Amino acid sequence: MFRKITAALAVTLGLSFLVPALGAEPASAAPVAARTIYYDASGAQEFKAAVDEGAAAWNQAVPEIELKPATGGQATIKVYADDGWPRTISYGFGQGTIYMGREAVNDGFYPPRIAAHELGHTLGLPDNRNGRCDYLMSGHSSPTSCQSTTPHATEAAQVSQNAGGRVPATFSKPIRYDDCFTF
Ligand SMILES: [Zn+2]
């Protein structure tokens with residue numbers, strides 16, 4: 001039996017360096033227009049529908065954003081499939097490259113939940129391996145039986161804030177999130 005350990009890699013560096021860059025809170029409490037974020041799942045092979053499902057879950061939970069399939073070259077999130085571990089390299093809020101790694105799928109994890117988790121990284125959320133199925137960012141610390149794609153209210157609130165400028169549109173260097181198990 002594999003012991004599940006995570007290679008959090010850049011995660012700890014991840015958002016901590018962003019904190020000084022946080023601006024003042026918006027002066028107005030007026031409703032914010034939804035920010036459209038285009039994704040391209042044409043390279044996601046058998047996971048295209050899973051990516052759409054993950055995106056829909058975020059759209060439903062966070063009124064400030066709308067993840068939409070790209071129709072041209074405007075995608076800032078690109079999703080691929082490969083045989084490695086699921087992972088995301090994020091370049092800024094709503095910007096990133098996602099790999100729907102088959103290792104986790106082969107271990108029994110639910111593809112739409114993997115997609116929602118990886119999209120969460122592109123929306124500025126770090127891993128939060130608390131083992132809870134009701135959190136998307138718990139990732140593989142939750143059991144493989146967990147098929148929830150709904151963000152926890154806390155996660156949805158964080159993404160709302162991130163969309164409002166809490167996470168920069170472009171990072172000074174990419175943040176990599178590796179959702180892998182090692183021995
Ligand atoms: Zn992750």
Side-chain angles (χ1 to χ4, degrees), residues 2-19 37 39 41 43-44 47 50-58 61-62 65 67 76-163 166-168 171 173-183:
F2 286 99
R3 185 163 170 230
K4 295 172 182 177
I5 304 180
T6 49
L9 212 62
V11 174
T12 42
L13 296 172
L15 294 178
S16 58
F17 79 87
L18 298 174
V19 172
I37 301 165
Y39 65 92
F47 302 116
V51 174
D52 291 337
E53 194 176 327
W58 278 112
V62 183
I65 60 161
L67 291 161
T76 55
I77 298 173
K78 294 187 177 172
V79 191
Y80 300 99
D82 71 6
D83 291 332
W85 296 104
R87 61 204 183 276
T88 295
I89 299 104
S90 182
Y91 308 103
F93 182 81
Q95 284 198 65
T97 303
I98 291 172
Y99 294 89
M100 292 288 297
R102 295 188 180 93
E103 291 269 18
V105 180
N106 293 341
D107 270 11
F109 289 94
Y110 185 56
R113 179 169 166 86
I114 297 172
H117 174 97
E118 301 303 330
L119 286 167
H121 285 317
T122 69
L123 299 172
L125 296 183
D127 287 298
N128 176 16
R129 297 193 173 101
N130 60 11
R132 288 177 57 168
C133 183
D134 59 342
Y135 279 77
L136 284 180
M137 302 317 289
S138 63
H140 57 65
S141 72
S142 60
T144 54
S145 60
C146 176
Q147 298 195 345
S148 172
T149 58
T150 304
H152 189 272
T154 304
E155 295 172 324
Q158 285 171 347
V159 170
S160 296
Q161 291 178 354
N162 294 349
R166 186 170 183 273
V167 169
F171 299 145
K173 60 179 181 181
I175 302 176
R176 179 174 171 133
Y177 301 94
D178 282 290
D179 291 304
C180 59
F181 306 145
T182 54
F183 65 102

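Order of listing sets the numbers, starting from 1, for every ligand and every atom in it. Only a predicted model underlies this, so the values are computations on that prediction, with no experimental measurement involved.
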Colleague: Assess, by modelled atom type and distance only, whether the side chains of Tyr99 and Asp178 contain a donor and an acceptor separated by less than 3.5 Å.
Modeller: no
Colleague: Are Arg102 and Asp83 close enough for a salt bridge, meaning some N to O gap below 4.0 Å?
Modeller: yes
Colleague: Between the Zn ion (ligand 1) and Asp127, which N, O or S atom of the residue is the nearest one?
Modeller: OD1
Colleague: Find out whether Ile77 and Glu118 are in side-chain contact, i.e. whether some heavy atom of one side chain is under 4.5 Å from a heavy atom of the other.
Modeller: no
Colleague: Checking one value in my table: which N/O/S atom of Asp179 lies closest to the Zn ion (ligand 1)?
Modeller: OD1
Colleague: Of all N/O/S atoms in His121, which lies nearest to the Zn ion (ligand 1)?
Modeller: NE2
Colleague: For Ser138 and Arg113, does a side-chain donor sit closer than 3.5 Å to a side-chain acceptor?
Modeller: yes
